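Comments concern the structure below.
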Amino acid sequence: VFSFRHLKEHFGEETLLKTISRQKFESYLRSLKVGVVSKNHIITTTKTLFNVLVEQGHLGINPIEKIKHIPLPRKLNHYQILKNSEVRSILNQAVKDQEFEVLTVLVLVLFCGVRIGEAMKMKWEDIRYYDKSVDVTEGVSKKTGHLRPRNPPIPDNAMCWLRFNTFTRKKRFRINTKSASFFQTRLRRTIKRSGVAKIEKNVL
C-alpha cells in the first residue's frame with residue numbers, strides 16, 4: 001500500500017525533507033484511503049526514515065517524532081448464549097452417537113457450573129448420585145495455591161441426562177479417557193452433527 005514514492009509525489013521530490021512538517025504529515029495521513037493498521041505502519045516506517053536522516057546529519061530533528069499511533073477501534077464483546085433448543089439438540093446428538101463421555105462433560109458444564117477443564121479431569125465417582133452433587137477439587141486459589149474443593153448441586157434436569165452414562169462400572173476412571181485435543185474434536189463433531197451453527201470457543 002505504501003512506499004516512499006508516495007511521499008515524494010505528495011510533498012515534491014526536490015524539497016521533500018524541507019516541506020514535511022507534523023501538521024502536513026497528519027493531513028497526508030488523513031487523505032490516504034487506507035485502514036488504521038496501514039496508517040500506523042506508515043507512521044512507524046516514516047519515523048524510521050527520518051531518524052536515519054537525523055543520524056546521518058541531513059536533518060536537525062525528526063519532524064514527526066511526536067506523532068503517536070492511531071488507536072485501533074475497540075470491538076464490543078458480543079456474548080453468545082445457547083438456546084434451550086440448541087442445548088437439547090447437542091445433548092440428544094451425543095446420546096445418539098453414544099458419546100457418553102462428551103455427554104457427561106456437557107451436562108456438568110451446562111447444568112452444574114463445572115469448568116470444562118475441571119470436568120475433563122474428573123472421575124466418574126466424583127458424580128455423587130446419593131446426594132445429587134458433584135465433587136470438584138480442581139479449582140486452585142491464586143493467593144494460596146491450594147485446591148478449593150466445592151460441591152455444586154446436580155439439578156433434576158441434569159440427572160435426567162446423566163442416566164445415560166455408565167459410570168457405575170468404572171468409578172475410578174476419568175470421565176474423559178482421551179487427550180484434551182481429541183476430546184475437543186469429538187465435541188466439535190457432536191455439535192456439527194446436531195445441526196447447531198458454529199459456536200464460539202467459550203460459549204459453554
Side-chain angles (χ1 to χ4, degrees), residues 1-87 89-90 102 105-106 109-110 113-121 138-146 148 176 179-204:
V1 175
F2 170 75
S3 72
F4 291 122
R5 186 184 72 254
H6 296 143
L7 274 178
K8 289 163 51 173
E9 292 173 354
H10 185 83
F11 290 100
E13 187 170 352
E14 295 297 328
T15 57
L16 174 65
L17 302 182
K18 295 179 181 180
T19 58
I20 295 182
S21 64
R22 174 175 176 173
Q23 291 76 14
K24 290 183 178 181
F25 188 78
E26 288 176 340
S27 298
Y28 168 69
L29 284 178
R30 284 192 288 270
S31 69
L32 295 175
K33 296 181 180 180
V34 296
V36 174
V37 174
S38 295
K39 289 184 179 181
N40 284 334
H41 283 311
I42 293 172
I43 292 171
T44 300
T45 308
T46 311
K47 275 186 178 181
T48 303
L49 167 67
F50 282 127
N51 286 335
V52 171
L53 294 175
V54 170
E55 290 176 3
Q56 293 181 355
H58 300 292
L59 283 177
I61 59 172
N62 185 340
I64 62 171
E65 181 63 35
K66 294 185 178 180
I67 293 181
K68 297 182 180 180
H69 285 86
I70 305 169
L72 295 173
R74 294 181 61 185
K75 293 183 179 180
L76 296 175
N77 291 323
H78 296 287
Y79 295 100
Q80 182 183 6
I81 299 175
L82 290 176
K83 300 177 182 178
N84 289 340
S85 58
E86 292 175 328
V87 171
S89 296
I90 295 172
V102 173
V105 170
L106 285 172
V109 171
L110 292 169
V114 179
R115 298 179 182 89
I116 192 166
E118 295 172 338
M120 290 170 59
K121 296 177 182 178
E138 290 297 324
V140 179
S141 170
K142 293 182 180 180
K143 293 183 178 180
T144 64
H146 299 304
R148 295 183 299 172
N176 175 48
S179 66
S181 59
F182 185 63
F183 176 86
Q184 292 293 342
T185 300
R186 294 161 64 194
L187 177 59
R188 287 194 296 270
R189 182 177 59 196
T190 300
I191 293 173
K192 183 177 180 179
R193 286 168 61 88
S194 71
V196 176
K198 185 178 179 182
I199 64 174
E200 296 177 7
K201 182 178 180 181
N202 294 320
V203 66
L204 296 179

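These numbers were taken from a predicted model, which means no experiment stands behind them.
- Among all heavy-atom pairs drawn from V109 and I116, the shortest one is CG2-CA, 3.6 Å.
- I43 CD1 to I70 CD1: the interatomic distance, rounded to the nearest 0.5 Å, is 4.5 Å.
- Remark: H69 NE2 to N40 CG distance equals 5.0 Å, nearest 0.5 Å.
- To the nearest 0.5 Å, the span separating CZ on R193 from CD1 on I191 amounts to 13.0 Å.
- Closest of all the heavy-atom pairs between S21 and P63 is CA-CB, 4.4 Å.
- For the residue pair S89 and S194, the shortest heavy atom distance occurs at O-CB, 3.6 Å.
- Using a 4.5 Å heavy-atom cutoff, the side chains of I20 and Y28 are not in contact.
- Within the 4.5 Å cutoff, the side chain of V196 has no heavy atoms near those of the K83 side chain.
- Nearest approach of N51 to N62, heavy atoms of both residues: OD1-ND2, 2.9 Å.
- A search for salt bridge (charged side-chain N to carboxylate O under 4.0 Å, His left out) contacts involving E26 returns R22, not counting sequence neighbours.
- Atom CG of L53 and atom CD1 of I61 lie 13.0 Å apart (nearest 0.5 Å).
- Within the 4.5 Å cutoff, no side-chain heavy atoms of L110 are placed close to those of I90.
- Residues F25 and I42 share a closest heavy-atom pair of CZ-CG2, 4.1 Å.
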Please walk me through it: do R186 and N176 pass side chain to side chain contact (heavy atoms under 4.5 Å, CB included)? CA-CA 11 Å; R186 294 161 64 194; N176 175 48; 3.9 Å; yes
